[in-house]
Amino acid sequence: MRAAVASAADAMIALGPDLTVRLWNPAAERLFGWTADEAIGRPLRTIPEEYTAEHRAVLERVREGGHISFATRRRNRDGRLIDVRAVVSCMRSDDDELLGWVGFYRAADEDEAVQHQAAERIRLVRRLNDVVADLNAERELSAVLDRVADSVIELTGADAAGFVLIEQATGTLRLVSISGLPERLRGVTSDLRTSLVGELLRSGRTVMLATADTRSLGDLIWSELEGLHTIALGVSTVHGRPYGALYALFSGHRAGHIELELLELFAGHAGVVVGNAVSYSEVVKQRKHERAVIEASADGIAVLDRDGIVRQWNPAARAITGMDADEVIGRPLPFALPAPDAEPTIQVESGAWLNVLYSEIEDHDEIVVDFRDVTEAKSLEAAKDLFLSMTSHELRTPITVVHGFARTLVNRWDKLGDADRRQAVAIIAERAQTLGQLVDNLLYSRAVPDGLDVTNEPFDLDRLLRGAVEGFRGMSEQHTLELVIDEKLPAALGDAMATDIIIGQLLENAVKYSPGGGTVTVRAGAEDELIVVTVEDDGVGIPAGDRERVFERFVQGEAGDRRRFGGLGLGLYIVRRLARAQHGEVTAHARPDAPGTCMRFALPRAGHSQ
């Protein structure tokens, strides 16, 4: 046997199950250039890279028996490609154990058969390239997977095909695309470990052929194909990991090594195409997520390109600026970005204040601008500053007076007469009362914005007004208080305590803002479903432009008046909030035929609730 092998004219190469060379005869040395010592025990080095799939397909095809004769190319030791005629068979022991493969090779003559096989290979490669190019035109993953199954039939001539996803986490296979099989099989799952795919993955091979001659195919989902006798299987990898597998199912003609080679090559290309579709799907999903976040954000968000042109403009940006997306997109940002080291709060042309933050996304050459309207916060900050300055002034003045007269009494008690002592104590009491009123206003102003706990129920407004006016009669010797109430004034619907606070504040303002004295007139009467109380004075009046503004916090009309009459500017703010809490209203008006102010307070009549 050794003499016959050594004397053979054809190159004879035997491979073990691990695909290392076990036999390398002298003819192989002459044809390929490597000596037996250089070849035996090593992987076969004669296979050009572009023929690797063909080589594996041939070995897989003859694994179950028979031989294949074909024309191909192999590499010589000096790197040249030589045309050869090859005959490859599988070697098995008497107990059917796989021993390896044996191949016989001779230099091919330029005969018609060789030329025909070379032309056929070129045609198949072109066909494969056309199919792959068509697949690359698809972007949606589901469409790509369906097209893959159709392409398997187109390339291999199979009678049916499918693509399964390998779900490693659950150890299952999921049939996601089919061609030539009942539609109800789509989505069917099976166990990965006991499947042909599991067997293929464990073997380390990339292509597999299963026939009805060597195993049962009836328990597979593919048995839905009548007359199924051969299954060709190829693994597709995505990002270096097994992602899925292609099945080519044959019930008519038998699959040869050409079909196996095409399936393996196509499985590799399909992995690339599917990987591209998966990446595209992830990008689309990420973009949708980003857009959803941008659209739902309460902050205004603008995305600019590297030239500063707006490419995205979310609904919050429109709400903040009043500019629709079609007015902004394709144009520069409608406001200037602050310098990186500057205060991020800027004022735009409309007068609104925006807090602007932005960052550059280098990989995408984009700038994301996030901005929010902080005009109200700015106003509150300004109001806070005004409040602090006014409070410090208004509280310090009576405190200074109280402290000064108290020190005088302590240090000079024996030197002061009774009249001086009474005068000092009276001033201290007056200033203490002023402090109490300031503190009360501060407390009310803190509670009112969220609504005081008022109880709206019928109460005797007539009695309340008489008590309030009587309490103010001795407040100033320069003022005369008059009360005019309609006979049988109906009961009012509201909160008696809150109403008492309102009337007291209106009377206090009437006296305070008429420094020259005069008459303060309180009138009360029914008007339709309301009871209206007016408080009129002969004082300085309120300019027309300030008659609504005086009900805001920390406002007292003109700045000169504020300093002239003192106070925090919280009284009328509290009054209006208390009135509205009772479903009433307070407004300021000019007196029609006399100087001064008329404050109008309206409450619902009992039995006419709103």
Side-chain angles (χ1 to χ4, degrees), residues 132-144 238-240 271-389 449 549 552-554:
V132 172
D134 185 40
L135 270 177
N136 279 320
E138 294 285 357
R139 286 291 179 268
E140 294 293 335
L141 181 60
S142 59
V144 168
V238 174
H239 306 315
V272 174
V273 174
V274 170
N276 291 341
V278 169
S279 298
Y280 176 77
S281 178
E282 291 175 351
V283 169
V284 170
K285 183 178 179 181
Q286 179 65 23
R287 283 291 186 179
K288 286 182 178 179
H289 175 72
E290 291 173 357
R291 180 169 289 278
V293 171
I294 290 174
E295 294 295 308
S297 174
D299 286 1
I301 296 179
V303 179
L304 318 180
D305 61 20
R306 60 182 177 182
D307 297 321
I309 303 301
V310 177
R311 297 305 177 193
Q312 290 189 53
W313 188 257
N314 75 337
R318 182 194 60 78
I320 292 171
T321 64
M323 303 179 70
D324 291 328
D326 54 6
E327 298 180 70
V328 179
I329 292 178
R331 298 179 175 87
L333 194 68
F335 54 84
L337 294 178
D341 55 347
E343 172 67 32
T345 303
I346 62 173
Q347 189 172 26
V348 295
E349 291 183 2
S350 64
W353 287 89
L354 301 181
N355 186 272
V356 183
L357 299 174
Y358 63 96
S359 60
E360 297 183 13
I361 304 177
E362 296 180 357
D363 293 342
H364 297 278
D365 288 330
E366 292 179 338
I367 298 176
V368 177
V369 182
D370 182 292
F371 54 95
R372 64 181 60 179
D373 190 341
V374 293
T375 305
E376 184 176 354
K378 273 286 188 180
S379 299
L380 290 175
E381 184 179 350
K384 181 193 72 174
D385 293 341
L386 176 61
F387 166 75
L388 290 175
S389 64
R549 202 168 65 88
E552 299 175 8
R553 280 194 290 185
F554 315 127

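Values in this document were obtained by computation on a predicted structure and should not be read as measured data.
When the shell of 6.0 Å around CD of Gln347 is examined, it contains more than 12 heavy atoms from other residues, nucleotides or ligands.
Side-chain contact between Val368 and Asp370 is absent, with no heavy atoms from C-beta onward closer than 4.5 Å.
Remark: Asp373 engages Thr375 in a side-chain hydrogen bond (donor to acceptor under 3.5 Å, both in side chains) (not counting sequence neighbours). The side chain to side chain contact (heavy atoms under 4.5 Å, CB included) check on Ala336 picks up nothing, with sequence neighbours excluded. Not counting sequence neighbours, the partners of Asn355 by the side-chain hydrogen bond (donor to acceptor under 3.5 Å, both in side chains) test are Thr345.
Residue pairs meeting the ring-ring contact (aromatic ring centres under 6.0 Å, His included) criterion with at least one member in residues 310-334, sequence neighbours excluded, are Trp313-Phe371. For residues 307-323, the salt bridge (Lys or Arg N to Asp or Glu O under 4.0 Å) pairs, not counting sequence neighbours, are Asp305-Arg311.
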For residues 326-335, which side-chain donor-acceptor pairs fall under 3.5 Å, sequence neighbours excluded?
{"from": "Glu327", "atom 1": "OE2", "to": "Asp324", "atom 2": "N", "distance (Å)": "2.9"}
{"from": "Arg331", "atom 1": "NH1", "to": "Asp326", "atom 2": "O", "distance (Å)": "3.2"}
{"from": "Arg331", "atom 1": "NH1", "to": "Glu327", "atom 2": "O", "distance (Å)": "3.0"}

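Heavy-atom minimum distance, Asn314 versus Asp299: ND2-O, 3.0 Å.
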